[in-house]
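Just so you know, ligand 1 is whichever comes first in the structure, and atom 1 is the first atom listed for that ligand.
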Amino acid sequence: MPIAQLTQAERDAALQELSGWTLREDGLAITRTLKFADFSEAFAFMTRVALHAEKADHHPEWFNVYNRVEITLSTHDAGGLSARDVDMARFIDGIV
Ligand code: H2B
């Protein structure tokens, strides 16, 4: 079943609530870069997110080098941002 993209109003409200997240230039994703003390801390974070992602069946796009994790959230099944991305961003914000 297709997943609904956020409306512009919903997207604006989500961005207000999610400080630290930036709308990608094409408007189809949100991004946030996190820095940790070292690689172990970064990977521990990624493990927690991965376990949650499997449960939620919603997966981040990310890039990691040493202590930096660049995260992009978008819903492929919606062709852009959906409530699932907002939920995932909230989860991430809750554990950092
Ligand atoms: N993750 C993300 N980010 N977007 C999706 O549309 C998506 C996903 N779809 N994880 C899920 C998996 C889908 O491919 C499976 C079949 O439910």
Side-chain angles (χ1 to χ4, degrees):
M1 204 172 78
I3 299 165
Q5 271 192 40
L6 296 184
T7 64
Q8 201 170 324
E10 287 168 339
R11 196 179 75 183
D12 292 348
L15 281 162
Q16 282 226 323
E17 172 204 326
L18 300 167
S19 59
W21 292 87
T22 307
L23 190 65
R24 200 171 66 189
E25 226 167 77
D26 63 8
L28 301 178
I30 51 174
T31 65
R32 183 173 179 184
T33 296
L34 293 167
K35 270 210 166 172
F36 296 87
D38 54 25
F39 177 69
S40 293
E41 292 287 325
F43 205 84
F45 161 79
M46 291 173 76
T47 302
R48 292 179 73 186
V49 174
L51 293 173
H52 177 78
E54 278 296 276
K55 271 195 219 151
D57 194 28
H58 192 62
H59 299 81
E61 298 168 35
W62 50 19
F63 173 80
N64 161 243
V65 61
Y66 183 50
N67 64 342
R68 193 171 84 241
V69 184
E70 298 171 9
I71 308 163
T72 297
L73 300 178
S74 184
T75 303
H76 315 128
D77 297 339
L81 274 177
S82 79
R84 292 187 183 186
D85 301 303
V86 179
D87 289 346
M88 178 60 85
R90 283 198 193 112
F91 174 81
I92 289 170
D93 289 351
I95 63 166
V96 290

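Numbered from 1 in the order shown, with element, the atoms of ligand 1 that lie under 4.0 Å from a heavy atom of His76 read 2 (C), 3 (N), 4 (N), 5 (C), 6 (O). If you number the atoms of ligand 1 from 1 as listed, the ones under 4.0 Å from a heavy atom of Thr75 come out as 4 (N), 6 (O).
You'll find the side chain of Leu51 stays beyond 4.5 Å of the side chain of Lys55, heavy atoms only. With contacts defined as side-chain heavy-atom distances shorter than 4.5 Å, the pair His52/His58 does not qualify.
A salt bridge links Arg90 to Asp87: one of the charged nitrogens lies within less than 4.0 Å of a carboxylate oxygen.
At least one N or O atom of Ser74, backbone or side chain, sits closer than 3.5 Å to an N or O atom of ligand 1. Residue-to-ligand polar distances keep Asp85 apart from ligand 1: every N/O pair is separated by 3.5 Å or more.
Checking atom 13 (C) of ligand 1 against the protein gives a heavy-atom contact under 4.0 Å.
Nearest to atom 1 (N) of ligand 1 among the protein's heavy atoms is His59 N, 3.0 Å. Protein heavy atom at the shortest distance from atom 17 (O) of ligand 1 is Asp57 OD2, 2.4 Å. When only non-hydrogen protein atoms are considered, atom 7 (C) of ligand 1 lies nearest to Asp77 OD2, 3.9 Å.
The main-chain N or O of Ser74 is found under 3.5 Å from a side-chain atom of Asp85 such that the two form a donor-acceptor pair. Using a distance-only test at 3.5 Å, with no hydrogens or angles considered, no donor-acceptor pair links the side chain of Asp38 to the main chain of Ala42.
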